[in-house]
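Okay, so here's the structure we're looking at.
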Amino acid sequence: MSIQTTTTANVVLPQTTREIQLAARPTGAPTAAHFALVERPLAELADGQILVRNTWMSVDPYMRGRMDDRPSYIAPFQLGEALEGSAVGEVIVSRADGIAVGSTVSHFAGWREYAVLDAAAVTPIDTTLAAAHHYLGALGTTGLTAYAALTDVARVNPGDTVFISAAAGAVGSVAGQLAKAFGAAKVIGSAGGPAKTRLLLDEFGFDAAIDYRAGDLAGQLAAAAPAGIDVYLDSVGGEHLRVAVEAIRPKGRIALVGAISGYNGDSAEPGPDLFKAATREVSLRGMLVNSYFPIFGEYIGKAADWLADGTIRTTETVYEGLEQAPAAFLGVLSGANTGKMLVRLG
Ligand SMILES: NC(=O)c1ccc[n+]([C@@H]2O[C@H](COP(=O)([O-])OP(=O)(O)OC[C@H]3O[C@@H](n4cnc5c(N)ncnc54)[C@H](OP(=O)(O)O)[C@@H]3O)[C@@H](O)[C@H]2O)c1
């Protein structure tokens, strides 16, 4: 069967794309010098391929690990090659059956303005259900992470006291609201600085908010949850995890979602007393969101309803233009974001 090439009318097709490449591997915290903005030719489209103009891309804390050259659950970024990550964009040329020009797709070829992609590498998204950028946040992997953490990994039961770290961020802000929706009696969030703790209370419906940068995390948590906590969603590791294990009640559940305090390898914070976890019969379970991709479609349906009916409110921090992508990434590591950190490309 021959597949016709179709294009958006009156669109001047690009011959090149700008992309962000890994220029050097960091030791400790990365800087702008570890990235390079490069223009390179676009490949010719083969049958079964599409050309996508990226409109939004995601920057995520896990990308820090991919800057190191060491074995992990996901391959390192390669020096002198474009970085990758979640993005959404508009199809401007299609040589693929079933993918229409003008449709919006999500895929993994972020960090560039245009991408030539196999049809199998993209997922069409329904922008009548929610705006495209939500598919990188509440309807994307960060939303799914929050949902999976609290429904499966560390299940929230009605009446629970729930503690969420990095609570003003993408995973944490959705997790706090879902914990309430799942019947938690009290949801406590920790975040850096008074503006973020205010947001937790005023915008995201947390019952109590802790500014961990103000110090005495253990004392602040004890004041917010005098009888202890039942569930902890850990995005931070180190001191947060240590304090949560001290505060957790018998049969408590801890979801080990992330450990951002150590991502630059400069964390000297003490870890938890795991014997306390043992004697309280606490379950600590790690998770990777990829394991939940089979329920992604089902989750998107639910999350779109929650967005529409106000169960989930979102906020985004948006950097404009591909050249700002490294700054956005450095910002998500240091807390420059509230809600999902995004880069708008078009
Ligand atoms: N397991 C999985 O499959 C999976 C999937 C998605 C995300 N994650 C993990 O979940 C966590 C949140 O990811 P996200 O995408 O939603 O990012 P995010 O929370 O939107 O952004 C990261 C936040 O971490 C906080 N932070 C940075 N350094 C910190 C430190 N030393 N101590 C305490 N907080 C610190 C900052 O907020 P403050 O201003 O409050 O410090 C920053 O805004 C990350 O650890 C990420 O790796 C895991």
Side-chain angles (χ1 to χ4, degrees), residues 28-30 57-67 72-74 85-86 136-138 140-150 152-154 163-178 189-200 204 206 209-215 217 220-221 232-244 254-269 284-293 295-296 299 314-319 328-343:
M57 59 165 270
S58 178
V59 288
D60 299 271
Y62 78 90
M63 293 170 174
R64 172 63 189 86
R66 300 195 69 187
M67 297 181 81
S72 181
Y73 66 95
I74 185 165
S86 299
L136 300 176
T141 52
T142 54
L144 180 62
T145 299
Y147 176 79
L150 299 184
D152 187 45
V153 183
F163 179 38
I164 310 277
S165 57
V171 172
S173 59
V174 171
Q177 295 172 87
L178 289 183
S190 85
K196 288 193 179 184
T197 51
R198 200 63 275 145
L199 190 79
L200 295 185
F204 295 134
F206 283 72
I210 291 170
D211 174 3
Y212 73 88
R213 288 196 185 142
L217 185 61
Q220 291 195 70
L221 183 59
Y232 172 51
L233 190 160
D234 187 32
S235 288
V236 172
E239 175 72 356
H240 268 81
L241 183 56
R242 191 188 69 74
V243 162
I254 296 179
L256 302 172
V257 172
I260 196 166
S261 68
Y263 285 1
N264 286 326
D266 52 6
S267 171
E269 293 175 341
L284 293 94
R285 199 176 135 197
M287 68 162 284
L288 281 178
V289 67
N290 309 47
S291 296
Y292 295 89
F293 285 173
I295 63 157
F296 217 149
Y299 168 72
T314 65
T315 183
E316 295 81 27
T317 301
V318 178
Y319 283 50
F329 171 65
L330 300 178
V332 82
L333 292 178
S334 61
N337 61 308
T338 48
K340 182 75 190 94
M341 182 67 106
L342 292 171
V343 182

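Please read all numbers here as calculations on a predicted model, not as lab measurements. As the structure lists them, so they are numbered: ligands from 1, and atoms in each ligand from 1.
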Heavy-atom closest pair (Ala255 atom, Ala149 atom, distance to 0.1 Å) is CB-CB, 4.1 Å
For Ala336 and Tyr319, the nearest pair of non-hydrogen atoms, with its separation, is CB-OH, 3.9 Å
Looking only at non-hydrogen atoms, the one of Val153, Thr145, Leu256, Leu200 nearest atom 6 (C) of ligand 1 is Thr145
Ranked by distance from atom 47 (O) of ligand 1, the top protein heavy atom is Tyr263 OH, 2.7 Å
* List the steps and the verdict of side-chain contact (heavy atoms from CB on, under 4.5 Å) for Val174 and Thr142. => CA-CA 8 Å; Val174 171; Thr142 54; 6.0 Å; no
For this session: Ignoring hydrogens and angles, tell me if any N or O in the side chain of Ser235 forms a donor-acceptor pair with the backbone of Gly258 under 3.5 Å.
Result: no
Per-atom filter on ligand 1: closer than 4.0 angstrom to a heavy atom of Ala259 are 45 (O)
Discussion item. Check for me whether Gly238 has a heavy atom closer than 4.0 Å to any atom of ligand 1.
Written reply: no
ask   = Hey, are Arg285 and Asp234 close enough for a salt bridge, meaning a charged N less than 4.0 Å from a carboxylate O?
value = no
Closest to atom 36 (C) of ligand 1 among protein heavy atoms sits Gly335 CA, 3.5 Å
Within 4.0 Å of some non-hydrogen atom of Ala191, the atoms of ligand 1 are 40 (O)
For atom 12 (C) of ligand 1, the closest protein heavy atom turns out to be Ser235 OG, 3.8 Å
For atom 17 (O) of ligand 1, the closest protein heavy atom turns out to be Pro61 CG, 3.5 Å
Residue, atom and distance of the protein heavy atom nearest atom 9 (C) of ligand 1 read Val257 O, 3.7 Å
Here the atoms of ligand 1 under 4.0 Å from any heavy atom belonging to Thr142 are 15 (O)
Nearest heavy atom to atom 25 (C) of ligand 1, choosing from Ser261, Gly262, Ala170, Ala166, belongs to Ala166
the protein heavy atom lying closest to atom 34 (N) of ligand 1 turns out to be Tyr212 OH, 3.3 Å
- Message: Less than 4.0 Å is my threshold; does some heavy atom of Arg213 fall inside it relative to ligand 1?
- Response: yes
> Checking Ser291 side chain against Met287 main chain: does a donor-acceptor pair fall under 3.5 Å?
Replying inline: no
Would a distance-only check, ignoring hydrogens and angles, find a side-chain to backbone donor-acceptor pair under 3.5 Å from Gln220 to Gly215? yes
Worksheet entry | Between Ser165 and Tyr232, a side-chain donor and acceptor under 3.5 Å | yes
re atom 19 (O) of ligand 1, the protein heavy-atom contact at minimum distance is Gly169 CA, 3.3 Å
Atom 3 (O) of ligand 1: closest protein heavy atom, distance to 0.1 Å, is Val289 N, 2.7 Å
| message | Check contact between Met341 and ligand 1, using heavy atoms of the residue and a distance below 4.0 angstrom. | response | no
Worksheet item: With a 4.0 Å cut-off on heavy atoms, is Leu333 touching ligand 1?
Response: yes
Among Val332, Thr197, Val236, Val171, the residue with a heavy atom nearest to atom 14 (P) of ligand 1 is Val171
What class does the angle between the rings of Phe296 and Phe293 fall in, given that below 30° is parallel, 30 to 60° is tilted and above 60° is perpendicular? parallel
What do you reckon, does Met287 have a nitrogen or oxygen under 3.5 Å from a nitrogen or oxygen of ligand 1? yes
Check your understanding: Should Leu144 and Ile295 be marked as a side-chain contact (heavy atoms from CB on, under 4.5 Å) after you check the CA-CA gap, both sets of side-chain angles, and the distance that decides it?
Key -> CA-CA 9 Å; Leu144 180 62; Ile295 63 157; 4.2 Å; yes
_Donor-acceptor pair, side chain of Ser261 and main chain of Val236, under 3.5 angstrom_ = yes
Report task. Keeping the roles fixed (side chain from Lys340, backbone from Val171), state whether a donor-acceptor pair exists under 3.5 Å. Result -> no
Of Lys196, Arg64, Lys340, the residue with the heavy atom nearest atom 39 (O) of ligand 1 is Lys196
Determine whether any heavy atom of Gly339 lies closer than 4.0 Å to an atom of ligand 1.
yes
Does a donor on one side chain and an acceptor on the other come within less than 3.5 Å for Asn290 and Tyr73? no
